[in-house]
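This report refers to the structure that appears directly beneath it.
So you know, we letter chains A, B, ... as the sequences are listed, proteins then strands, and number each from 1.
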Protein chains: 2
Amino acid sequence: MGVTVKDVARVAGVSTATVSRALRGFESVDPAVRAHVLDVAQRLDYVGSPAAAALTTGKAGSVGLITPFVDRLGFQRMLAGIESEMRGSSMDLLLHCTGDPSEPHPVPPHKRLARRVDGFIVLSISADSRDLEQILRLGMPVSMFGSRGADTSSVRVDDRAGASRAIDHLVDLGHRRLGIIYGREAVDAGVLEHEMHVGVRDAAERARLTLDQDLIVAGDYTTSGGALAMEQLLAGDDPPTAVFAFSDEMAYGAMRTMREHGLVPGRDVDLIGYDGHPMSDVLDLSTIELPFEEIGSTLARNLLDELQAPTGAHRVVTLPTRLAVRGSTTGASAR
Amino acid sequence: MGVTVKDVARVAGVSTATVSRALRGFESVDPAVRAHVLDVAQRLDYVGSPAAAALTTGKAGSVGLITPFVDRLGFQRMLAGIESEMRGSSMDLLLHCTGDPSEPHPVPPHKRLARRVDGFIVLSISADSRDLEQILRLGMPVSMFGSRGADTSSVRVDDRAGASRAIDHLVDLGHRRLGIIYGREAVDAGVLEHEMHVGVRDAAERARLTLDQDLIVAGDYTTSGGALAMEQLLAGDDPPTAVFAFSDEMAYGAMRTMREHGLVPGRDVDLIGYDGHPMSDVLDLSTIELPFEEIGSTLARNLLDELQAPTGAHRVVTLPTRLAVRGSTTGASAR
DNA sequence: CGAGGGCGAGTAACCGTTTACCCACGACCA
DNA sequence: TGGTCGTGGGTAAACGGTTACTCGCCCTCG
């Protein structure tokens, strides 16, 4: 149903081999012939069949993006970064969401997906995930977010420093009684979250501060979880004067709880989040900003580079965070 | 580098034709033989080559998602809906972002993309876009968000009713002086936005209300645009007592401006948005909720159905909106 | 008991590109 | 002037499945 190399070859009066060579810009083709072929191809509105090309070359011409979630705020920003980087290349992007790892598929989807792509970008799957093992076992180039060591190229954020930064900020404002809303129980937590706990502890130690274990609660990375966590923090006898939430979304939930209690962030309780979503500016929430777009573009770049010129080397890039001070941390509530 | 039908055929002691038939579940294969072939395929860890299959059948086995933006809040929710619907099918999802239509690509990307997919899901591209024309001209199944008439299957939201609903709500609260923050100048606007203007006008007429043209300003669908728009509204001699923003994101920006002016939504000025993002709950913003996930899943379902059993029919689905009343519309500011 | 029919399975052509291999031709050197 | 080398370009064999066509066999019906 389409025009093929054969058609172009016939019209241009050359062989299909020459058409192919001309189209792919080989230097072994006479410039005049190449120009002619290009012209004919253009006139015939020829578009190559990726399937056929993939079949012969073994290169699929696309990369797979694997992510456990699609509805988290950071995702779309990483995706935007990935997208902008991929636009230049001629690669296509295949999206696959692992989602709930409940029902085991008859054929693990990665096997199927692997035949369609040349490499993977993997977004923060917890380190112990079986999914990740399977993907790595495929032996294809992988660019992942969140380091697992050096067994693959990865982009990570200096979460330890970022978390420390948040605590430092609160301490600088005079707070001594801090609440922490973290994401998940350590048992399912990936490396990333662990780093944040370490960063918090380090900063607390430096400030000669002991954290009250009752003020360290889980928020499940959701707004509702954050709301519940804040509820818990406020319910105690001696509530914190400042709270650090491990994600902006949890901080948003915490803000809702505060509002319901008639409390104003920055006046009654200081609150700082982690992620730096655009919304935090609107909500006047102080936060540690993560360079999501840059994470995405770096992930894509690493993979594309490796695909273009395979070296087998594993690049590990660590990107910095930035403290954004807004109205939710004023120190007014520090005793 | 992989195990092919030939290998399976050899090991199973049958021909490749039989392997293919068994794997695809044809009934013309003896059940015992089929079971045996399946077993061998499983044992050899056989995974078919999508490229080869695509080449012979002409079916790519994937659908393309085309969207002009990837960083708008509604996108990820539609994507989540699409994703969940696609998970059941064996189709893969190819993401393509048209982005800024500035630099014309040598080969329009859709031509290339079209050879990789069996159909398209197109997200709200403005109706006059050349991109859309090109996609339709391809003659492939298309499922689009935002109707353009009945020349393709589409899912739309009853934006006219939704916008009316917002105005009705404000009027019910006693407001007579309304501000409107719309998205873009009519010239680039798609059908969707036009519907909203009609809905606003209808509701105003029903309420025997004349809208002050000075209180109708553009916000470019961004928070910063919304902030600027609100600035403009507040700068006038006789500012509105209530404002309807055509998107939640613009409403968020408006809230920021209000905060900077020491104004509280729901007390000093009522504010209602449009979209129903989860964040609006946190911000206590009244809004018209759109069923984004359902939009996404319906888009996907329509396309998948058409691909599975081509009818050529164009389904047009209109989904309803829902008013969510929160603290930002109390009527307190209505004179 | 022979012919016809149906069913299961094999043969091989084909999908559209790519590329290893080979060839023809002109130039250059001896 | 003949041999050699280099270069542009054609031939054809893959790549891995799918499927139209064909065939043999057994069952059944006349």
Side-chain angles (χ1 to χ4, degrees), chain A residues 1-38 40-41 44-62 90 92 107 111-118, chain B residues 1-38 40-41 44-62 90 92 107 111-118:
Chain A
M1 63 118 204
V3 21
T4 74
V5 268
K6 277 205 187 89
D7 301 316
V8 178
R10 189 165 29 73
V11 174
V14 297
S15 72
T16 62
T18 300
V19 172
S20 179
R21 286 189 283 245
L23 256 21
R24 325 188 74 232
F26 282 28
E27 68 299 323
S28 69
V29 179
D30 186 290
V33 175
R34 169 179 356 200
H36 180 225
V37 170
L38 269 301
V40 170
L44 295 186
D45 206 25
Y46 168 77
V47 184
S49 154
L55 188 54
T56 46
T57 63
K59 261 74 197 62
S62 55
S90 59
D92 286 313
V107 172
K111 283 275 169 60
R112 253 174 32 79
L113 198 56
R115 313 271 326 221
R116 286 189 163 285
V117 303
D118 299 320
Chain B
M1 61 116 204
V3 21
T4 74
V5 268
K6 278 205 186 91
D7 301 316
V8 178
R10 190 164 28 73
V11 174
V14 298
S15 73
T16 62
T18 300
V19 172
S20 179
R21 286 189 283 245
L23 255 22
R24 324 186 75 229
F26 282 29
E27 67 302 321
S28 69
V29 179
D30 185 290
V33 174
R34 173 182 350 203
H36 180 223
V37 170
L38 268 300
V40 170
L44 294 187
D45 205 26
Y46 169 77
V47 184
S49 154
L55 188 55
T56 47
T57 62
K59 261 76 196 60
S62 54
S90 59
D92 287 312
V107 172
K111 283 277 170 60
R112 250 173 35 79
L113 200 55
R115 313 274 323 221
R116 286 191 163 283
V117 303
D118 299 319

Subject >> A:Arg116 side, atom CZ; B:Ser49 side, atom OG - distance, nearest 0.5 Å >> reply: 9.0 Å
Subject >> Nearest-Å distance for atom pair NZ/P, residues B:Lys59 and C:dC15 >> reply: 16 Å
**OP:** Give the nucleotide from the list C:dC15, D:dT19, C:dT17 with an atom nearest to the side chain of B:Ala17.
**Re:** D:dT19
Subject >> Rounded distance in Å - CG (B:Leu23) to P (D:dT19) >> reply: 13 Å
Original post:
Roughly how far, to the nearest 0.5 Å, is the OG1 atom of A:Thr18 from the CG atom of A:Leu23?
Top reply: 11.0 Å
Original post:
Pick the nucleotide of DNA chain D nearest each of A:Ala52 and B:Thr16; which residue has the one closer to the 5' end?
Top reply: A:Ala52
Original post:
Taking only N and O in the side chain of A:Ser20, is any of them less than 4.0 Å away from OP1 or OP2 of C:dT18?
Top reply: yes
Original post:
How does protein reach along nucleotides 4-9 of chain D, written 5' to 3' as B (base within reach of a heavy atom under 4.0 Å), S (only sugar-phosphate), or - (no contact)?
Top reply: ----SB
Original post:
Expressed in angstrom and rounded to an integer, what is the separation of B:Lys6 atom NZ from D:dG16 atom P?
Top reply: 7 Å
Original post:
Please give, in whole Å, the distance from D:dG17 P to B:Arg10 CZ?
Top reply: 13 Å
Subject >> For A:Asp7, all residues meeting salt bridge (Lys or Arg N to Asp or Glu O under 4.0 Å), sequence neighbours excluded >> reply: A:Arg10
Original post:
Taking atom P of C:dG16 as reference, at what distance in whole Å does atom CZ of B:Arg116 sit?
Top reply: 17 Å
Original post:
How many angstroms lie between OG1 in B:Thr4 and CG in B:Leu44, if you round to the nearest 0.5 Å?
Top reply: 10.0 Å
Subject >> Student check: side-chain heavy atoms of A:Tyr46 and A:Val5 closer than 4.5 Å >> reply: yes
Subject >> Side-chain heavy atoms of B:Lys6 within contact of B:Val19, under 4.5 Å >> reply: no
Original post:
B:Arg24 has an atom CZ; how far is it from atom P of D:dT18, in whole Å?
Top reply: 5 Å
Subject >> Heavy-atom side-chain proximity of B:Arg21 to B:Val37 below 4.5 angstrom >> reply: no
Subject >> Atom pair distance, as rounded to whole Å: CG in B:Leu55 and C1' in C:dC15 >> reply: 4 Å
Subject >> Euclidean distance, atom CG of residue B:Asp7 to atom C1' of D:dG16 [Å, nearest integer] >> reply: 10 Å
Subject >> Nucleotide nearest B:Phe26 when distance is taken to its side chain, options C:dT18, D:dG17, D:dT19 >> reply: D:dT19
Subject >> Sugar-phosphate only, base, or nothing, as touched by B:Gly58 at under 4.0 Å among non-hydrogen atoms >> reply: nothing
